[in-house]
Amino acid sequence: PDCKHYIEKITDALGSNPKNKTKKHIATIDQIRTLATSCSSVGYDVIIDGGNVLHSRNGQPDPEDLRRMITILQTRGHSPLVILHVSHTDSRDSRDSRDYVLKVNSVLETSKVQFITTPCGLNDDLFILLAYLIRIESGLGRGCTIVTRDTYTDHMDAFKNRQRNVSDDFGKYLAHDLVSFTAVDVHNQMHIPDATPKPYTNCIQIVEPYAYIPLTITGSDTGP
């Protein structure tokens, strides 16, 4: 609930960033909104935290991990959106080698995945959260998940709506839609749990005077 509040707060934070004098965030948010509000197959149901996946092995970033992630999700029938900082795709903004940048671009192009690069000097996490919120707000599809090993806890605290009951805090909803993964070094594999957005929460929530109980809904039938 109240996606608009969080969208506005995050957008304001990006716009007021001292490193964003040319307001580079506007074009990127427009890109996100175009994809998020699409009624066609262009829309997305899973967001891949590109930087998090590329650095998933605590060493040198590996473009092949991003390829594996994209392939697994596409094979499962998902329409993923990769969001990653421009430093991974443009050697002018990157501390990594030109060869690495070329490999990342090759993965994005050959996998035919939708992707958005975020501007230099701005936190890519904020654009990932915006993509999640804008897609949820659109009401299209069955929801949206984020594949990442991040928890975004710092952002949840910064942008929660302090004028509402604590049960409406951003984190209580976002945490439900975060899908972690495991990178196995020995076999160069990626293990990803089911990333399908769920139409129910993981637990019973008490928001006095009400209790919200998880239900799946199929047609007119309901079940636990």
Side-chain angles (χ1 to χ4, degrees), residues 1-15 25-26 28-50 52-53 73 76-84 113-116 118 122-181 192-205 207 210 212-218:
D2 205 14
C3 285
K4 183 178 179 181
H5 164 83
Y6 301 117
I7 292 170
E8 290 177 350
K9 292 280 283 186
I10 296 173
T11 301
D12 289 346
L14 288 167
H25 70 295
I26 296 175
T28 306
I29 294 175
D30 286 345
Q31 280 184 280
I32 291 171
R33 193 172 292 281
T34 297
L35 290 175
T37 58
S38 173
C39 294
S40 70
S41 59
V42 178
Y44 53 89
D45 62 346
V46 178
I47 300 164
I48 299 175
D49 184 341
N52 192 271
V53 172
L73 292 174
R76 293 180 182 178
H78 290 292
S79 297
L81 169 65
V82 178
I83 297 183
L84 71 172
V113 70
Q114 301 173 108
F115 69 92
I116 289 176
T118 64
L122 299 179
N123 191 329
D124 54 335
D125 286 355
L126 299 184
F127 293 96
I128 290 170
L129 295 177
L130 279 175
Y132 167 78
L133 289 164
I134 293 172
R135 182 64 175 172
I136 296 296
E137 184 188 45
S138 74
L140 300 173
R142 294 188 62 184
C144 184
T145 56
I146 305 173
V147 176
T148 181
R149 294 202 293 195
D150 198 343
T151 61
Y152 307 111
T153 305
D154 51 339
H155 304 303
M156 293 180 195
D157 291 339
F159 298 117
K160 66 182 179 182
N161 192 338
R162 302 183 186 281
Q163 297 178 344
R164 284 179 169 270
N165 184 289
V166 68
S167 298
D168 288 326
D169 286 348
F170 189 6
K172 291 184 178 292
Y173 295 90
L174 177 62
H176 172 252
D177 291 326
L178 296 180
V179 179
S180 189
F181 63 92
I192 315 164
D194 181 16
T196 303
K198 297 178 178 62
Y200 54 86
T201 58
N202 289 324
C203 60
I204 295 175
Q205 297 184 28
V207 183
Y210 303 105
Y212 295 89
I213 302 173
L215 295 174
T216 56
I217 301 175
T218 305

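For clarity, every value in this text was computed on a predicted model and none was experimentally measured. Sequence positions, counted from 1, serve as the residue numbers for this chain.
Contact record, Tyr44 with Arg135: O-NE, 2.8 Å, taken as the closest heavy-atom pair. When all heavy atoms are compared, the tightest approach of Ser138 to Ala36 is OG-O, 3.4 Å. Shown here for Ala131 and Leu81, the closest heavy-atom pair between the two residues is CB-CD2, 4.4 Å.
Only one option out of Val179, Val82, Val147, Asp45 pairs with Leu73 in a side chain to side chain contact (heavy atoms under 4.5 Å, CB included); it is Val147.
Taking CG of Leu35 as the reference point, atom CG of Asp30 lies at 11.5 Å (rounded to 0.5 Å). How far CG of Asp12 is from NE2 of His25: 8.0 Å, rounded to the nearest 0.5 Å. The line from CG of Asn52 to CG of Asp150 is 6.0 Å long, rounded to the nearest 0.5 Å. Rounding to the nearest 0.5 Å gives a distance of 10.5 Å between OG1 of Thr118 and CD of Gln31. The line from NZ of Lys4 to OG1 of Thr11 is 11.5 Å long, rounded to the nearest 0.5 Å. Between the CD1 atom in Ile83 and the CD1 atom in Ile48 there is a gap of 10.0 Å [rounded to 0.5 Å].
Panel note: side chain Tyr152, backbone Leu174; no donor-acceptor pair is recorded below 3.5 Å. Formation of a donor-acceptor pair under 3.5 Å by the Arg149 side chain with backbone atoms of Ser180 is not found in this model. Of the possible donor and acceptor atoms, none in the side chain of Arg33 sits under 3.5 Å from a partner among the backbone N and O of Ile134.
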> Asp177 and Ile146: side-chain contact (heavy atoms from CB on, under 4.5 Å), yes or no, with the steps?
Replying inline: CA-CA 6 Å; Asp177 291 326; Ile146 305 173; 5.9 Å; no
> Does the side-chain contact (heavy atoms from CB on, under 4.5 Å) test come out yes or no for Tyr6 and Leu129, once each step is laid out?
Replying inline: CA-CA 9 Å; Tyr6 301 117; Leu129 295 177; over 6 Å; no
> Please walk me through it: do Leu122 and Thr28 pass side-chain contact (heavy atoms from CB on, under 4.5 Å)?
Replying inline: CA-CA 11 Å; Leu122 299 179; Thr28 306; over 6 Å; no
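Take Asp125 and apply the side chain to side chain donor-acceptor pair (under 3.5 Å) test, not counting sequence neighbours, and it matches His155. Residues satisfying the side chain to side chain donor-acceptor pair (under 3.5 Å) criterion with Thr153, sequence neighbours excluded, are Thr151. With sequence neighbours left out, Ile136 forms a side chain to side chain contact (heavy atoms under 4.5 Å, CB included) with Cys3, Tyr132, Cys144.
By the 4.5 Å heavy-atom criterion applied to side chains, Ile10 and Phe127 are not counted as neighbours.
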